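What follows is a single structure, written as structure tokens, with notes after it.
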Amino acid sequence: MASDPLSRAFVALADPTRRDIVARLSVRDAGVGELAESYAMSMQAVSKHLKVLEEAGLVSRSRDAQRRPCHLEPQVLDLMTVWIERYRRQAEERFGRLDAVLAAMEDGDEPGAAVPAPESPEEHEEHEGAAS
């Protein structure tokens with residue numbers, strides 16, 4: 001299994017059964033038996049899925065008398081959300097710039113015409129410095 005927490009979480013959630021377990025645990029804690037009732041698989045198979053989720057830090061188990069309820073640990077989901085959001089924002093900014101270029105082309109402007117050309121040598125140097 002992957003070594004860093006983010007990779008372990010993505011690997012764990014690559015399986016649809018494990019994603020469904022996470023969805024169920026986001027509503028309320030549940031034991032292995034309760035979770036196994038929802039799937040056409042053995043309790044042992046559900047336990048193996050839970051073990052993968054535990055190793056990824058997404059799920060923890062506690063002891064309540066004879067019962068061992070499973071809990072969702074949202075901190076790892078927060079880590080995944082931050083990673084996804086960073087790249088979503090970058091892609092959105094790229095698409096925004098592409099939209100601006102396409103809009104300028106439809107208006108008959110040259111691509112890049114939306115950026116005003118520098119007028120003085122100082123502004124030119126500032127413009128060149130900003131572009132690099």
Side-chain angles (χ1 to χ4, degrees):
M1 184 171 251
S3 59
D4 66 286
L6 189 60
S7 296
R8 284 194 306 264
F10 277 114
V11 167
L13 293 177
D15 183 273
T17 300
R18 291 193 285 264
R19 287 195 304 271
D20 192 65
I21 289 171
V22 166
R24 290 176 191 278
L25 292 176
S26 71
V27 176
R28 66 180 182 88
D29 294 349
V32 177
E34 295 171 87
L35 291 168
E37 292 172 0
S38 305
Y39 306 105
M41 62 179 73
S42 66
M43 277 183 52
Q44 190 176 25
V46 172
S47 289
K48 285 183 180 179
H49 283 298
L50 284 169
K51 185 175 181 192
V52 172
L53 291 169
E54 280 184 280
E55 289 173 357
L58 288 160
V59 169
S60 65
R61 292 189 209 196
S62 61
R63 184 165 295 280
D64 181 20
Q66 296 297 321
R67 204 171 159 252
R68 293 201 65 205
C70 301
H71 316 275
L72 180 64
E73 298 293 338
Q75 302 87 349
V76 177
L77 294 175
D78 292 342
L79 182 67
M80 297 172 79
T81 301
V82 167
W83 187 88
I84 290 169
E85 182 61 25
R86 178 175 51 179
Y87 292 106
R88 187 198 63 76
R89 265 196 320 265
Q90 286 180 359
E92 192 172 281
E93 288 170 7
R94 272 196 343 261
F95 287 128
R97 289 192 303 268
L98 179 61
D99 284 344
V101 169
L102 292 174
M105 290 174 69
E106 284 181 9
D107 293 342
D109 297 337
E110 290 291 322
V115 178
E119 295 177 7
S120 68
E122 294 82 26
E123 287 177 343
H124 179 74
E125 288 175 14
E126 289 176 10
H127 180 76
E128 290 297 317
S132 58

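Because the structure is a prediction, the values reported are computed rather than measured.
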message: Can you tell me how far apart CD (Glu85) and CG (Asp78) are? Round to the nearest 0.5 Å.
response: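 Reported value, rounded in 0.5 Å steps: 12.5 Å.
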So which heavy atom on [X] is nearest to which on [Y], and how close?
{"X": "Val46", "Y": "Tyr39", "answer": "CG2-CD1, 4.1 Å"}
{"X": "Cys70", "Y": "Leu50", "answer": "SG-CD1, 3.8 Å"}
{"X": "Ala56", "Y": "Ala12", "answer": "CB-CB, 3.7 Å"}

Determine, for [X] against [Y], whether the closest basic-nitrogen to carboxylate-oxygen distance falls under 4.0 angstrom.
{"X": "Glu54", "Y": "Arg61", "value": "yes"}
{"X": "Glu37", "Y": "Arg24", "value": "no"}
{"X": "Glu93", "Y": "Arg89", "value": "no"}

Are [Y] and [X] co-members of a hydrophobic cluster defined by side-chain heavy atoms under 4.5 Å apart?
{"X": "Phe95", "Y": "Ile84", "value": "no"}
{"X": "Val52", "Y": "Leu79", "value": "no"}
{"X": "Val76", "Y": "Val11", "value": "no"}
{"X": "Leu58", "Y": "Val27", "value": "no"}

query: Just one of Gln75, Glu73, Met80 clears the side chain to side chain contact (heavy atoms under 4.5 Å, CB included) bar with Leu77, so which one?
result: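 Of the listed options, the one satisfying the test is Met80.
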task: Give the C-alpha distance, both sets of side-chain angles, the deciding distance and a yes or no for side chain to side chain contact (heavy atoms under 4.5 Å, CB included) between Leu25 and His71.
output: CA-CA 6 Å; Leu25 292 176; His71 316 275; over 6 Å; no
Donor-acceptor under 3.5 Å ([X] side chain, [Y] main chain):
{"X": "Arg19", "Y": "Ala14", "result": "yes"}
{"X": "Asp4", "Y": "Ser7", "result": "yes"}
{"X": "Arg18", "Y": "Leu53", "result": "no"}

query: Is the number of heavy atoms from other residues, nucleotides or ligands within 6.0 Å of CD (Gln90) greater than 12?
result: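 Check passes, neighbour count above 12.
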message: Does Lys48 form a side chain to side chain contact (heavy atoms under 4.5 Å, CB included) with Met41? I'd like the steps, not just the answer.
response: CA-CA 11 Å; Lys48 285 183 180 179; Met41 62 179 73; over 6 Å; no
task: Check the pair Ile21 / Asp15 against side chain to side chain contact (heavy atoms under 4.5 Å, CB included), numbers first and verdict last.
output: CA-CA 10 Å; Ile21 289 171; Asp15 183 273; over 6 Å; no
